[in-house]
Amino acid sequence: QVQLVESGGGLVQAGGSLRLSCAASGLTFSTYTLAWFRQAPGKEREFVAAIRWSGGSTFIADSVKGRFTISRDNAKNTMYLQMTSLKPEDTAEYYCAARKSGSIYYAPVYDYWGQGTQVTVSS
């Protein structure tokens with residue numbers, strides 16, 4: 001059974017930092033790409049970042065490039081999203097997801113999703 005469990009969300013002031021974690025289990029990791037998406041109230045789910053478990057190639061949305069970093073710890077089967085210089089517009093529910101194929105930027109192709117963790121950035 002595949003499980004993706006996010007943690008690390010919270011309330012932070014603009015300019016602050018947070019690190020999100022996604023603990024994954026039940027996957028054949030070498031065949032998956034894991035990603036972070038976010039969804040603000042009234043908006044569509046938006047791609048944030050992705051990492052290929054095999055090889056570690058990363059992909060970052062332009063809206064967060066230079067501020068967010070995605071990484072993984074193979075030994076812990078955990079993916080991270082380090083978020084710095086946070087802005088109020090980063091406020092959203094952040095989701096961890098996993099997929100085998102299809103565009104990494106397109107939410108519907110993802111096979112598995114976590115329950116989400118809320119990030120709120122105050123101005």
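In this structure, CG in Leu20 is found 9.0 Å from CD in Gln82, a value given to the nearest 0.5 Å. Considering CG of Leu4 and OH of Tyr32, their distance stands at 9.5 Å, rounded to 0.5 Å. Separating the OH atom in Tyr94 from the CD atom in Gln118 is a distance of 9.0 Å, to the nearest 0.5 Å. For the atom pair Ile104 CD1 and Tyr110 OH, the distance stands at 5.5 Å (nearest 0.5 Å). The CG atom of Leu81 sits 15.0 Å away from the CZ atom of Arg72 when rounded to the nearest 0.5 Å. Note that OG of Ser123 is 14.0 Å distant from NZ of Lys87, once rounded to the nearest 0.5 Å.
Neither Tyr80 nor Ile60 shares a network with the other; the hydrophobic side chains, linked directly or stepwise wherever heavy atoms of I, L, V, M, F, W or Y lie under 4.5 Å apart, form separate groups for each. Under the 4.5 Å side-chain heavy-atom criterion for grouping Ile, Leu, Val, Met, Phe, Trp and Tyr, Phe68 is connected to Val12 within one hydrophobic cluster.
Side-chain contact between Met79 and Ile70: present, with at least one pair of heavy atoms (C-beta onward) separated by less than 4.5 Å. Annotation: side chain of Leu27 is in contact with side chain of Leu34 (closest heavy-atom distance under 4.5 Å). Looking at Ser63 and Glu89, their side chains never come closer than 4.5 Å, going by heavy atoms from C-beta outward. Within the 4.5 Å cutoff, side-chain heavy atoms of Met83 are placed close to those of Val119. In this structure, Val64 and Arg38 have side chains that are in contact, with non-hydrogen atoms separated by less than 4.5 Å.
For Trp113 against Ala107, the heavy-atom pair with the smallest separation is CZ2-O, 3.4 Å.
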Check step by step if side chain to side chain contact (heavy atoms under 4.5 Å, CB included) holds for Cys96 and Trp36. CA-CA 5 Å; Cys96 170; Trp36 291 98; 4.1 Å; yes

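Looking at residues two or more places apart in sequence or on another chain, you find a side chain to side chain donor-acceptor pair (under 3.5 Å) between Arg67 and Asp90.
Applying the side-chain hydrogen bond (donor to acceptor under 3.5 Å, both in side chains) rule to pairs touching residues 97-109 yields Thr33-Arg99, sequence neighbours excluded.
Taking a 6.0 Å sphere around NZ of Lys65, one finds it holds more than 12 heavy atoms contributed by other residues, nucleotides or ligands.
For the pair Arg45 and Phe37, the cation-pi test (distance below 6.0 Å, angle within 45°) is failed.
For Gln115 (side chain) and Glu6 (main-chain N/O), a donor-acceptor pair under 3.5 Å exists by modelled atom type. When atom types are taken as modelled, the side chain of Tyr95 and the backbone of Thr117 share no donor-acceptor pair closer than 3.5 angstrom.
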